[in-house]
There are 2 protein chains.
Amino acid sequence: MKNIRKRNPSSDAAEIIHRRYYEGRPQRLAELAEAEANDTVARKIYELRKRADLTQEQLAKLVGTTTSVISRLEDADYEGHSLAMLRRIAKALNKRVELRFVNASRRTKVA
Amino acid sequence: MKNIRKRNPSSDAAEIIHRRYYEGRPQRLAELAEAEANDTVARKIYELRKRADLTQEQLAKLVGTTTSVISRLEDADYEGHSLAMLRRIAKALNKRVELRFVNASRRTKVA
DNA sequence: AGCAGATTTCGCAAAATTGCTAAAGAATTT
DNA sequence: AAATTCTTTAGCAATTTTGCGAAATCTGCT
């Protein structure tokens with residue numbers, strides 16, 4: 001996951017937050033579900049991978065691609081995700097992609 | 001929206017259901033929100049367009065493309081949707097795309 | 001500082017999606 | 001049933017995404 005402004009510090013905000021709040025604290029992980037709804041796709045993938053405790057290389061292998069591809073997908077600036085790729089990632093992590101069209105302004109809360 | 005088995009009858013299941021249950025019956029429309037969560041992307045787009053009471057041509061114009069593209073996106077067999085296109089459609093209809101990775105088996109209910 | 005692991009970036013080829021036109025097929029209206 | 005509107009299909013070009021390897025950058029550890 002690449003930070004927006006800084007060049008290439010894997011010590012970016014998301015990484016810091018992850019370490020501080022989630023690493024080794026199972027109860028915190030539950031909170032992620034809520035926060036995720038407002039996140040970018042790139043960050044969702046990043047969080048998903050972190051929660052599964054995988055390196056990009058490990059996820060890449062599961063998905064059937066390379067680390068450079070995973071890195072690109074986790075790049076906040078990248079906008080070119082395909083549903084097909086998102087599904088491949090989901091499948092690799094025993095998830096499934098759920099998609100909805102919701103009214104532009106309102107944010108729907110999830111049960 | 002193309003049916004899976006029949007060749008090209010726009011009198012396919014979805015179309016029939018639409019006419020029978022939704023056309024001119026506002027209260028029925030609410031039920032769509034629930035059903036949609038389990039639908040394919042293709043059908044979501046179709047339902048979205050129908051609820052907006054638009055022809056493929058009208059939607060195409062709003063999105064900035066042609067009817068053939070819309071038709072393809074509504075084809076149940078088509079799997080090549082990109083997030084970018086889904087967002088263009090959402091934007092045209094004053095919606096936004098919400099995406100989640102959920103556990104493979106369970107279906108999350110929406111508020 | 002040095003080392004090993006992890007992530008990012010670059011460049012180009014391959015594959016997939018979109019853009020578009022025209023024509024055929026189907027549904028609706030008159 | 002003829003006319004009109006709507007949708008699907010086909011083909012190909014243009015654009016975009018993916019695939020992939022190698023080098024560069026960054027992190028954590030000793």
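Letters go in sequence order (proteins before strands), and every chain restarts at 1.
When all heavy atoms of A/V63 and A/R88 are compared, the closest pair comes out as O-NH2, 3.4 Å. Smallest separation of non-hydrogen atoms from A/Q56 and A/T67: OE1-O, 3.8 Å. A/T66 and A/A60 get closest at one heavy-atom pair: C-CB, 3.5 Å.
One can place CZ of B/R87 at 15 Å from C1' of D/dT17, the figure rounded to the nearest angstrom. Per the geometry, CD belonging to A/E74 stands 18 Å off P belonging to D/dC26, to the nearest Å.
An end-to-end axis angle of 60° holds for the helix from C/dA1-D/dT30 to C/dT30-D/dA1, taken from five base pairs per end and rounded to 10°.
By the side-chain hydrogen bond (donor to acceptor under 3.5 Å, both in side chains) test, A/T65 is found to be paired with no residue, residues two or more places apart in sequence or in another chain being considered. The side-chain hydrogen bond (donor to acceptor under 3.5 Å, both in side chains) search around A/R87 returns B/E79, not counting sequence neighbours. A/S82 is linked by a side-chain hydrogen bond (donor to acceptor under 3.5 Å, both in side chains) to nothing, counting only residues two or more places apart in sequence or in another chain.
B/K95 NZ: more than 12 foreign heavy atoms inside a 6.0 Å radius.
In the set D/dT8, C/dT7, C/dT8, C/dT7 carries the atom at the smallest distance from any side-chain atom of A/T55.
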- Note on the structure: For nucleotides 12-19 of chain C, 5' to 3', base contacts (B), sugar-phosphate-only contacts (S) and non-contacts (-) with protein non-hydrogen atoms under 4.0 Å give -----SBB
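B/K50 has no side-chain polar atom (N or O) that falls below the 4.0 Å cut-off from OP1 or OP2 of D/dC6.
Listed by first then second residue, pairs satisfying ring pair (Phe, Tyr, Trp, His ring centres under 6.0 Å) with a partner in residues 79-99 of chain B read B/Y78-B/H81, not counting sequence neighbours.
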